[in-house]
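Just follow the structure's listing: the first ligand is 1, and inside any ligand the first atom is 1. The structure displayed is predicted, hence computed values, not measured ones.
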Amino acid sequence: MKLHEYQSKQIFSKYGIPIPKGRVAATATEARSIAEELGGRVVIKSQVLVGGRGKAGGIKVAKDPAEAELFATQILSMEIKGLPVRKVLVDEAAAIDKEIYLGITNDRSAKKPVIMASSEGGVEIEDVAKSHPEKIVKMHINPLLGIKDYQTRDIAAGIDLPREYWKSFGDILKALWKVYEDNDATLAEINPLIIGKEKRLVALDGKMLIDDNALFRHPELSEMRDTDEDAPSEVEARKYGLTFIKLEGNIGCMVNGAGLAMASMDILNFFGGDPANFLDIGGGAGADKVAAAMRIILADPNVKCILFNIFGGITRCDEVAKGILTAIAEVKPKVPMVVRLVGTNAEEGRAMLANANMITAETLADAAQKAVAAAKGYQS
Ligand code: GDP
Ligand code: MN
């Protein structure tokens with residue numbers, strides 16, 4: 001899950017990282033009154049969950065409240081990389097001497113968090129990473145030990161930070177690590193961390209990614225979720241507790257258990273098919289969940305066939321059959337459907353589906369081949 005800049009910076013601030021004074025606004029009038037409160041120059045910043053807002057024209061410095069209102073009007077009517085701007089952050093404008101990059105993320109190959117820092121922060125950091133990789137300093141963190149003073153000094157020296165800033169840089173880096181650790185983040189990034197004219201380090205921008213699988217421990221973060229950027233089908237799936245990932249193929253899959261779902265996708269590929277999604281309805285799914293899953297699958301116009309592969313254990317096949325019937329009555333699918341039910345109450349389930357005009361299969365290989373053929377044969 002991505003957090004907005006203003007949300008990330010609020011978290012940073014709680015951990016003692018200096019941020020500019022400011023507030024978020026949903027209208028231009030609100031932006032104006034925040035600018036009046038702050039006095040002086042302000043920066044109007046689009047709050048959308050994509051990078052490169054600055055380059056896209058989504059960040060503008062206003063000299064007075066009237067201009068703040070004007071820029072807010074403009075920015076609130078923008079779309080940036082396909083996302084509508086619904087909010088702007090109005091911050092006290094900063095006078096910048098230098099822009100530094102500072103981030104912590106997960107280095108999967110090293111299986112450790114890694115600190116990344118650069119003296120060349122700001123909007124060109126991706127280009128710096130490509131053309132001058134030596135300008136990005138990296139250091140792994142032992143999560144049991146945290147960050148030690150010698151490490152913050154090494155990084156500060158590595159990015160040629162003037163000595164007078166080493167202490168506050170160290171405090172910020174340690175605070176950023178706490179932010180990352182406490183919130184189960186997979187990214188905590190400040191770009192730019194500026195040296196301001198007042199000779200002070202300030203986090204001008206903030207970005208955080210939170211591990212979705214840890215959100216159950218952070219109800220306060222879950223509430224911050226902005227679903228604008230998610231595929232609507234994934235939002236719907238989350239509501240029903242379904243594990244759903246949209247893919248590019250044309251065979252919709254409804255399977256119980258992640259392992260079986262992956263095996264089903266593999267075997268579809270093996271027989272020349274292409275799954276439209278990964279969907280695990282989970283253990284013990286009832287009829288309403290199955291019906292929701294079916295609606296989600298059918299909302300994808302690419303889907304030319306649905307394969308149901310249910311291994312009844314805790315999940316009962318008759319419950320799944322009931323869900324399929326409910327969903328059919330509600331959604332009236334036109335695409336062919338292949339069903340394989342085995343395990344608990346499979347007999348009952350099959351009997352319930354006997355008149356539902358579905359293609360039945362005994363084995364997974366059989367089911368996959370029938371699904372591939374049905375998808376090929378279907379003309380919408
Ligand atoms: P991003 O483009 O989405 O990463 O948004 P940022 O918040 O990082 O802003 C992009 C750039 O705009 C920064 O690197 C700064 O150069 C500039 N910028 C942002 N806020 C201010 C500000 O308060 N004053 C000045 N002078 N420049 C700013
Ligand atoms: Mn930035």
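In terms of protein heavy atoms, atom 18 (N) of ligand 1 is closest to Leu204 CD2, 4.3 Å. Considering only non-hydrogen protein atoms, atom 6 (P) of ligand 1 sits nearest to Asp205 OD2, 3.4 Å. Protein heavy atom in closest approach to atom 11 (C) of ligand 1: Val123 CG1, 3.7 Å. The shortest contact between atom 23 (O) of ligand 1 and any protein heavy atom is with Ala94 N, 2.8 Å. For atom 12 (O) of ligand 1, the nearest protein heavy atom (residue, atom name, distance) is Ile59 CG2, 4.1 Å. In this structure, atom 16 (O) of ligand 1 lies nearest to the protein heavy atom Glu99 OE2, 2.9 Å. Considering only non-hydrogen protein atoms, atom 2 (O) of ligand 1 sits nearest to Gly54 N, 2.8 Å. Nearest protein heavy-atom contact of atom 3 (O) of ligand 1 is Arg53 NE, 2.7 Å.
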Subject >> Check against side-chain contact (heavy atoms from CB on, under 4.5 Å), Val338 and Phe308 >> reply: CA-CA 6 Å; Val338 178; Phe308 297 86; over 6 Å; no
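The shortest N or O to N or O distance between Lys55 and ligand 1 is not below 3.5 Å. Residue-to-ligand polar distances keep Gly51 apart from ligand 1: every N/O pair is separated by 3.5 Å or more. Residue-to-ligand polar distances keep Ile96 apart from ligand 1: every N/O pair is separated by 3.5 Å or more.
The number of heavy-atom neighbours closer than 6.0 Å to CD of Glu362, taken from other residues, nucleotides and ligands shown, is 12 or below. Crowding of Ile314 atom CD1: a count of heavy atoms from other residues, nucleotides or ligands under 6.0 Å not exceeding 12. Heavy atoms of other residues, nucleotides or ligands lying less than 6.0 angstrom from NE2 of His140 number more than 12.
Rounding to the nearest 0.5 Å gives a distance of 12.0 Å between CZ of Phe271 and NZ of Lys370. Here the CD1 atom belonging to Ile80 is positioned 8.5 Å from the CG atom belonging to Leu83, to the nearest 0.5 angstrom. Taken to the nearest 0.5 Å, the CG atom of Leu102 stands 5.5 Å off from the CG atom of Leu176.
No donor-acceptor distance shorter than 3.5 angstrom exists from the side chain of Asp205 to the backbone of Ile190, with no hydrogens or angles considered.
Cation-pi geometry between Lys60 and Phe71 is satisfied (NZ or CZ under 6.0 Å from the ring centre, within 45° of the ring normal).
Counting the atoms of ligand 1 from 1 in the order shown, those under 4.0 Å from a heavy atom of Ala93 are 23 (O). The contact set between ligand 1 and Lys45, taken as ligand atoms under 4.0 Å from a residue heavy atom, comprises 7 (O). With ligand atoms numbered from 1 in the order given, ligand 1 contributes 20 (N), 23 (O) to contacts under 4.0 Å with heavy atoms of Val43.
By the criterion of a heavy-atom distance under 4.0 Å, neither the backbone nor the side chain of Asp91 is placed next to ligand 1.
Of the candidates Asp184, Asp182, Asp211, Asp184 is the only one forming a side chain to side chain donor-acceptor pair (under 3.5 Å) with His218.
Side chains of Pro113 and Trp177 form a contact here, defined as non-hydrogen atoms less than 4.5 Å apart.
Atom 21 (C) of ligand 1 is approached by the protein to below 4.0 angstrom, counting heavy atoms only.
Rounding to the nearest 10°, we obtain 90° for the angle at the Mn ion (ligand 2) between Asp205 OD2 and Asn191 O.
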